[in-house]
Amino acid sequence: MTTTTSHSSAIVAKGLRKAYGDKTALDGIDLAVPTGSVFALLGPNGAGKTTAVKILSTLVTADAGELRVGGHDLATDPQAVRAAIGVTGQFSAVDGLITGEENMLLMADLHLLSRREGRRTAVELLERFDLVEAAKKPVSTYSGGMKRRLDLAMTLVGGPRIIFLDEPTTGLDPRSRHAMWGIIRELVSGGVTVFLTTQYLEEADELADRIAVLNNGRLAAEGSADELKRLVPGGHVRLRFTDPAAYQAAAVALREATLPRTPGFARAGGTPMDEALSLQIPSDGSQRELRSILDWLDSAGIEADELTVHTPDLDDVFFALTGTADVSDQPEEAVR
Ligand SMILES: Nc1ncnc2c1ncn2[C@@H]1O[C@H](COP(=O)(O)OP(=O)(O)OP(=O)(O)O)[C@@H](O)[C@H]1O
């Protein structure tokens, strides 16, 4: 795992630690989020995601670690960090008793915008987040998706360049979730850096440039969605036949095959799936492996009626990295 400390990092953490009593929530986390990118912190319940967001957004202090957000040191200049960031999520600032517009204007007041500037910003953001019709209604009448959009709109009042989103789409229906993804993508295309936590692998896959998998307060892995998917086995090429004789011939050929450059292929022997007349060949789905499989099929005279490539998805990665983790495996370190 590498950590970049260049100036192009919007968020940098080195050796981030936090314990609540004898419970270690974060056990030495290193991460770097390039400016203008989306970083997803993925992990099961209790992994430490919210703690990380709370620390990086100055709501909670770390026990240890070198932390910089927006170029500012969290320990010595939290005020500057606060001015550079926006936070939405599980600790939403939305007031249900007043209208969406009033919430926006309240936020504008908090940011010390003039009355005129506040109104202009509120109108612009309500429009952008498709909340114009609902603007004069109490927020308590809003749907979950509308509340999330309002929450994010309020966060944007101060024009933050770094935004923390703690589980931004939890509980939203698919349509609202997709709408939120669209909004997040739009923000990023405007140069904003987004740090999000999520339990939805699909969300991380859709949005994030980099994903870190947090488990028991430690980073189990970090990389792009594709890099993470390559970490776990499960990828394969499936050949489907309609002619039982062709299937049998292919199964025999495959059982005898060895292909030195493709380790998975060599040990494959094909997994016969008689009812479906299909054969499965382990493969990481890379171009190189596919080419060697196709070359071999050609040279063996095998012509499948259908060939599909299955790559592991983030679910596989998530379960592989977090499902089997045994806390007792991990060295005990004294945490004060
Ligand atoms: N204020 C607190 N006091 C004591 N323990 C806490 C506190 N906040 C968090 N913890 C503990 O720290 C660990 C990490 O919690 P955290 O909320 O950061 O996890 P999470 O990954 O955000 O989980 P979730 O997805 O459930 O929100 C958990 O074991 C939790 O019980």
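Remember, it's 1-based here, ligands and their atoms both numbered in the order they're listed.
Proximity to Ala47 (heavy-atom distance under 4.0 Å) selects the following atoms of ligand 1: 19 (O), 20 (P), 21 (O). Within the listing of ligand 1, atoms 25 (O) sit less than 4.0 angstrom from a heavy atom of Glu167. Heavy-atom contacts of Pro44 reach the following atoms of ligand 1: 21 (O) (cutoff under 4.0 Å). Short contacts between ligand 1 and Thr50, defined as distances under 4.0 Å to a heavy atom of the residue, involve ligand atoms 17 (O), 18 (O), 20 (P), 22 (O), 27 (O). The ligand atoms of ligand 1 that sit less than 4.0 angstrom from a heavy atom of Gln199 are 25 (O). When each atom of ligand 1 is checked for a heavy atom of Lys49 under 4.0 Å away, the hits are 18 (O), 19 (O), 20 (P), 21 (O), 22 (O), 23 (O), 24 (P), 25 (O).
To the nearest 0.5 Å, the span separating CG on Leu172 from CE on Met146 amounts to 12.5 Å.
Heavy atoms of Gly43 come nearer than 4.0 angstrom to ligand 1 in no pair at all.
Between Ala52 and ligand 1, a contact under 3.5 Å exists for no N or O pair.
With a 6.0 Å cutoff to the six-membered ring centre and a 45° limit on the axis angle, Arg240 does not count as a cation-pi contact of Tyr247.
More than 12 heavy atoms of other residues, nucleotides or ligands lie within 6.0 Å of CD in Glu227, so this atom counts as buried by the packing criterion. Residue-environment remark: CD (Glu66) stays at or below the threshold of 12 foreign heavy atoms within 6.0 Å.
Salt bridge status for Glu102 with Lys136: absent, with no side-chain N to carboxylate O gap under 4.0 Å. Ionic pairing of Arg17 and Asp27 is present here: one or more N-O contacts between side-chain nitrogen and carboxylate oxygen are shorter than 4.0 angstrom.
A heavy-atom distance below 4.5 Å is found between the side chains of Leu214 and Ile29.
Within the 4.0 Å heavy-atom criterion, neither part of Lys54 lies near ligand 1.
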